[in-house]
Undergrad: 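One structure, pasted below without further comment.
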Protein chains: 2
Amino acid sequence: MGDGKPATIYDVAARAGVSKSLVSLVLQRSPRVSDQRRAAVLTAIQELDYRPSTAAVSLAGTRSRTIGVVLDDFRNQWFVDLLTGLREALQDQGHRLVVADRFLNTGLDASPVEGFLSMRVEGIVIAGEPTTDLAIPASMPVVIAGGRVSIPRADTVANDDRAGGGMAAAHLLDLGHTRLGFLGAGSAASQERRAGFEGAAAAAPAAAGPVTVAVAVLPGEPTEEAGSRALGALLDEHPDVTAVFAANDVMALGALSELAERGLRVPEDVSVIGYDDTPVAATRYVGLTSIDDRSVEIGRGAGERLLARIADPGLAATESLVEPRLVARRTTAPR
Amino acid sequence: MGDGKPATIYDVAARAGVSKSLVSLVLQRSPRVSDQRRAAVLTAIQELDYRPSTAAVSLAGTRSRTIGVVLDDFRNQWFVDLLTGLREALQDQGHRLVVADRFLNTGLDASPVEGFLSMRVEGIVIAGEPTTDLAIPASMPVVIAGGRVSIPRADTVANDDRAGGGMAAAHLLDLGHTRLGFLGAGSAASQERRAGFEGAAAAAPAAAGPVTVAVAVLPGEPTEEAGSRALGALLDEHPDVTAVFAANDVMALGALSELAERGLRVPEDVSVIGYDDTPVAATRYVGLTSIDDRSVEIGRGAGERLLARIADPGLAATESLVEPRLVARRTTAPR
DNA sequence: TTGTAGGCGTTATCAA
DNA sequence: TTGATAACGCCTACAA
């Protein structure tokens, strides 16, 4: 089957002995086609290994049936789950997903959005915090998934960081810890998580005695390095802390290594809890208790919002929060 | 700037007071255009925020300038580096990269390749082992990046697993270890890495005494669980082993946790070395010595091969190997 | 150097 | 239920 040029709709029509229009109708699953003709067209398609040209389809059709997903960075694994959710909501509705990170196809286009606009996507999903230089036309349906910063006419679907922080505190309180610590950095998420953590700690029933929360927040990115330094600073000032909550898993990892270097055992001496439930946390070797931000749900929600917005561009922007979930592993234990 | 429909080449032509052809020439950076007209067209493009429709371009043009990348799984982080290399080779030559994993757009198309064929990509890069159900037409230029199994007319660019295994052995021998262990699973890569490891161990200068390699190979996937079990089996039979080489980082992680459970310290009691140099290995907390398979190089090589094959489809298939590199961290130490 | 006209592979609109 | 025929937005000879 050495195939030269791919077959076109004309080839199929000729082979099936019908007009191109009829083939098009069959392609679109129109019910207004006789079973006989339909069968003929279908077999011709099979025999020719015909496949409609997406270029021709989106050029001639009224909609491109394509939606673009802007990832901040392929290295942030959470996008994998996000995509799963998006697929469920979008793909099953006949939409094609095209993903790009900040660098993919840079050079051809200034930003991934440029490329999407050229493709005439029907909508755009921005994963994570939107950067201001994205330059998305006002008429383009947009939804931000997993980011808190909202841009003018975009819906936002994000994890409820405050609730997650509360869950972390509740978990540690349940285990009997009363001298807690928080490790944070200079991100909006970190602030929200801290607020939730402190709020829940403060609201704890006074029965078990006073609950204290020592805090170490470093400016800058929430890196492993920052986690190590924050833990060091925290412990230097409050050596009696028995459980720490890090703003994310990466920082928690830094805390773990710093604890090991100080000869403190986890969870015997100090319990540690992270946030994001990254793949590393789930490994047996690390086994980090963490807050699952439910990225699949976020993706599904974002997809549904986008669909709604595409159907009715006039819709008011909404902000919805997805309830996180605590995943207990071996880095937390009863006091 | 409420923009309704995107501007077309007609709009630009009208605005600049020239023909559509002239606009097209400017778009293609043709030198045969007067500076005056060019300037007029360029400003019209700016003012209208015009962007050529990729659909129309690829439909009217002779080439789509698009190449498809099939990822086995977005969770395998190595593709990030692979993409970096591919970008360098392809994107800079004006090619657009479209990525898809096994599931992206499934439902619309049976396989990611289906989608690529519809897009009329000029070539396909398969990352990792190609599955046989890919159904790629013989006329489509294909290169396999990072996989050993080759399909009929495809070039292959992969990591030299055998050399990597040798490096692992050399490193351990350098550190004075003589009772080595290998932890493997049922993959082709595992076999090659083992062969290289054993080969280098056998070729070691007899000066430092005899070198032994105990082996534990489990059937199935090289998972963390498999790593734990393999290490257990190995140590049960050969308690005197002082250094182990795992077929990949994930298995090495399993080995690390099993060692911890057995009360053995790393690297004081046992040195551990993995393969792939995954992000987890590079964290301070894990700090796993590993073999970097140089995915960026593989991507660049694959991109170049693909370019060559697109230019001359008649080219004979080649297989090239990229030399890996050892990255020493804290899980290996002198005996 | 610039403009005219045809065609790329579909969908969409009308007739038949 | 089918079949012409005109778009869709751009490239590419070919002419001017």
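Naming convention: chains lettered A, B, ... in sequence-line order (proteins, then strands); numbering from 1 in each chain. Nothing here was measured: the structure is a model prediction, and the numbers come from that model. Values below: every heavy atom of this structure, side chains too, minus hydrogens, waters and symmetry copies.
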Undergrad: Of all of residues 8-29 of chain A, which get a heavy atom below 4.0 angstrom from DNA chain C, listed by number?
TA: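 Only A:Thr8, A:Ile9, A:Tyr10, A:Ser21, A:Ser24, A:Gln28 qualify.
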Undergrad: How sharply is the helix from C:dT1-D:dA16 to C:dA16-D:dT1 bent, taking the axes over five pairs at either end and rounding to 10 degrees?
TA: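 Axis-to-axis angle, ends of the helix: 30°.
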Undergrad: Has the side chain of B:Glu122 got a donor or acceptor atom that lies under 3.5 Å from a matching backbone atom of B:Ser64?
TA: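 The answer is yes, because a donor-acceptor pair under 3.5 Å joins these two groups.
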Undergrad: Under the salt bridge (charged side-chain N to carboxylate O under 4.0 Å, His left out) rule, what do B:Asp109 and A:Arg51 come out as? Steps first, then yes or no, please.
TA: CA-CA 10 Å; B:Asp109 313 302; A:Arg51 219 178 311 272; over 6 Å; no
Undergrad: For B:Glu114 and B:Ser118, test the side chains for any donor-to-acceptor distance below 3.5 angstrom and give the result as yes or no.
TA: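 There is no such pair between these side chains.
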Undergrad: Taking it one step at a time, do B:Leu307 and B:Leu90 satisfy side-chain contact (heavy atoms from CB on, under 4.5 Å)?
TA: CA-CA 7 Å; B:Leu307 242 31; B:Leu90 265 13; 3.5 Å; yes
Undergrad: Would a distance-only check, ignoring hydrogens and angles, find a side-chain to backbone donor-acceptor pair under 3.5 Å from B:Arg294 to B:Asn159?
TA: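 Judged by distance alone, no pair lies under 3.5 Å.
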Undergrad: Atom pairs, N/O to N/O, protein against nucleotides 14-16 of chain D, distance under 3.5 Å?
TA:
none

Undergrad: Under a 4.0 Å heavy-atom cut-off, which of residues 32-46 of chain B touch DNA chain D?
TA: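 Hits under 4.0 Å, by residue number: none.
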Undergrad: Counting any heavy atom closer than 4.0 Å, what does A:Thr62 reach on the DNA or RNA strands: base, sugar-phosphate only, or nothing?
TA: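 Answer is sugar-phosphate: A:Thr62 comes under 4.0 Å of backbone atoms only.
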Undergrad: Indicate the ring-plane relationship of B:Phe74 and A:Phe79, choosing parallel, tilted or perpendicular according to the 30° and 60° boundaries.
TA: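 Aromatic pair B:Phe74/A:Phe79 classed perpendicular.
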Undergrad: Mind listing the residues from residues 111-123 of chain B sitting with a heavy atom below 4.0 Å of DNA chain C? Number order is fine.
TA: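 The answer is B:Arg120.
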Undergrad: Taking the side chain as every heavy atom from C-beta outward, state whether A:Ile67 and A:Ile124 have any pair of such atoms under 4.5 Å apart.
TA: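 No - every pair of side-chain heavy atoms lies 4.5 Å or more apart.
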Undergrad: By the salt bridge (Lys or Arg N to Asp or Glu O under 4.0 Å) test, which pairs, at least two apart or in different chains, include something from residues 136-145 of chain A?
TA: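 Pairs touching residues 136-145 of chain A that pass the test: none.
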Undergrad: With a cut-off of 3.5 Å and sequence neighbours excluded, list every side-chain donor-acceptor pair involving residues 29-37 of chain B.
TA:
from, atom 1, to, atom 2, distance (Å)
B:Ser30, OG, B:Arg32, N, 3.1
B:Ser34, OG, B:Arg37, N, 3.3

Undergrad: Are any non-hydrogen side-chain atoms of A:Met140 and A:Leu117 less than 4.5 angstrom apart?
TA: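 The answer is yes, as the side chains (C-beta and beyond) meet within the 4.5 Å cut-off.
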Undergrad: Please report the closest heavy-atom contact between B:Leu71 and B:Ala127, naming both atoms and the distance.
TA: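 What the structure gives for the nearest pair is CD1-CB, 3.9 Å.
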Undergrad: Between the main-chain N or O of B:Ser24 and the side-chain N or O of B:Gln28, is there a donor-acceptor pair closer than 3.5 Å?
TA: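 Looks like yes, one N/O pair under 3.5 Å.
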Undergrad: Test: salt bridge (Lys or Arg N to Asp or Glu O under 4.0 Å). Region: residues 69-95 of chain A. Which pairs qualify, not counting sequence neighbours?
TA: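 Sorted result for residues 69-95 of chain A: A:Asp73-A:Arg75, A:Arg87-B:Asp101, A:Glu88-A:Arg300.
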Undergrad: Would you mind telling me which of B:Ile136, B:Val143, B:Thr131, B:Thr156 makes a side chain to side chain contact (heavy atoms under 4.5 Å, CB included) with B:Ile126?
TA: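 That would be B:Ile136.
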Undergrad: Taking only residues two or more places apart in sequence, or in another chain, which ones meet A:Arg38 in a salt bridge (Lys or Arg N to Asp or Glu O under 4.0 Å)?
TA: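 A:Arg38: no salt bridge (Lys or Arg N to Asp or Glu O under 4.0 Å) contacts found.
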Undergrad: Listed by chain and number, what are the side chain to side chain donor-acceptor pair (under 3.5 Å) partners of B:Glu221, not counting sequence neighbours?
TA: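 Counting only residues at least two positions away or on another chain, B:Glu221 forms no side chain to side chain donor-acceptor pair (under 3.5 Å).
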Undergrad: Rounded off to whole Å, could you give me the CG-to-P distance for the A:Leu59 and D:dC8 pair?
TA: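 After rounding, the gap between these two atoms is 9 Å.
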Undergrad: Given atom CZ of A:Arg63 and atom P of D:dC8, what is their separation to the nearest angstrom?
TA: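 So the CZ-P distance, A:Arg63 to D:dC8, works out to 19 Å.
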Undergrad: Could you give me the CA-CA distance, side-chain angles and deciding distance for B:Glu129 and B:Arg148, then say whether salt bridge (charged side-chain N to carboxylate O under 4.0 Å, His left out) is met?
TA: CA-CA 7 Å; B:Glu129 301 298 344; B:Arg148 272 148 302 277; 3.1 Å; yes
Undergrad: Are there any protein N/O atoms within less than 3.5 Å of an N/O atom in nucleotides 14-16 of chain C, and if so, which ones and at what distance?
TA:
none

Undergrad: Considering only residues two or more places apart or on different chains, which pairs with a residue in residues 301-319 of chain B satisfy salt bridge (Lys or Arg N to Asp or Glu O under 4.0 Å)?
TA: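 Those involving residues 301-319 of chain B are B:Asp155-B:Arg305, B:Asp155-B:Arg309.
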